[in-house]
Amino acid sequence: MTSEHISVNRDEAVMRIAFNRPEKKNAITAVMYAALADALEEAERDDAVRAVLFEAAGDMFTAGNDIGDFMSGGASPADPHQTPPVMRFLFALAKAEKPLIAAVQGGAVGVGVTMLFHCDLVYASKNATFHTPFVDLALVPEAASSLLLPQIAGHQRAAEMLLAGKKIDAARARELGFVNEVVAHEATGDAGLTAAREIAAKAPAAVRLTKNLMRGDRDLIVARMKEEGAHFAAQLSSAEFREAGAAFMQKRKPDFSKRS
Ligand code: COA
């Protein structure tokens, strides 16, 4: 599936996948997830692709899931037996054998952050921020972030983001361990592309084997995604999520005082 809001281009052996919906802060709709999943699946199939670079147009990396899509049920397929596009994208991330590199300029929210835990190299601009406000939206972490972030950062530091919902800056993200290098805003795209080109020029089988050894058991990651997904779906139908979603749309703070 193609989407005008996801651009996919080749730079020789690098597949460049860019969020391209800057007027909505690159918030990701179901159609965009499908395009992202298609691109990642194609990258895995095509021997000519040796690395994938995620990047974005505009002043933000991505504001995460499109909240309107959530509220209208647009994120779920009509056929309940069909894998939702968001899950196709997440499974493709979890199973990716090609190196994934991200160039994060500006803010990243929700899945815009959790997808980074599946990337092998992450470059962030000095003004980048990272925010996973799942609990504040009455939701739970996704993309196996409840497994991967504690592994990367340790439980308490992961709780700073996942439980407390604290927005952190690029320097703190580097301290937590999921950003390799903080660069000037205008140098972010180049830093990502240079790293992607360098890794794409290396021996492909050795790169694939090394990534597989480092990533370990992908089935465990996929299982956690499914477990999180079940809670996430249940929360989407909850009264507390209705309150959080309405508050976002009405640009006010949610009131959870009456929820048990
Ligand atoms: N879903 C749908 N629309 C979104 C969105 C999202 N996740 N994030 C931003 N947008 C839209 C806004 O509604 C606004 O649309 P409008 O111009 O039609 O009113 C537009 O993008 C610009 O956003 P705005 O909020 O005006 O920009 P900002 O710079 O003041 O704030 C954010 C940017 C990212 C801090 C803020 O938009 C935000 O908090 N978004 C929600 C992030 C979120 O909770 N994501 C889900 C995580 S699970």
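Whatever order the structure lists ligands and atoms in, that order sets their numbers, starting from 1. Please read all numbers here as calculations on a predicted model, not as lab measurements. The chain is numbered in sequence order, starting from 1.
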Among side-chain atoms of Asn212 and Arg218, is any donor-acceptor pair under 3.5 angstrom?
yes
Can you sort out the partners of Phe117 under ring-ring contact (aromatic ring centres under 6.0 Å, His included), two or more places apart, ordered by chain and number?
Phe178
If you take all heavy atoms of Gly58 and Pro22, which pair is closest and at what distance?
CA-CB, 4.0 Å
Between Asp136 and Ala244, which heavy-atom pair has the shortest distance, and what is it?
O-CB, 4.0 Å
State which residues pass side chain to side chain contact (heavy atoms under 4.5 Å, CB included) with Arg172; sequence neighbours excluded, sorted by chain then number.
Arg157, Glu160, Ile168, Asp169, Glu175, Leu176
List, by chain and then residue number, the residues other than Leu209 in its hydrophobic cluster (Ile/Leu/Val/Met/Phe/Trp/Tyr, side-chain heavy atoms under 4.5 Å); write none if there are no others.
none
Go ahead and list the nitrogen or oxygen contacts between ligand 1 and the protein that come in under 3.5 Å, distances to 0.1 Å, or just say none.
unit_1   : atom_1 : unit_2 : atom_2 : d
ligand 1 : 1 (N)  : Ile67  : N      : 2.9
ligand 1 : 7 (N)  : Ala63  : O      : 3.3
ligand 1 : 7 (N)  : Asn65  : O      : 2.9
ligand 1 : 15 (O) : Lys24  : NZ     : 3.2
ligand 1 : 18 (O) : Lys24  : NZ     : 2.5
ligand 1 : 45 (N) : Ala63  : O      : 2.8

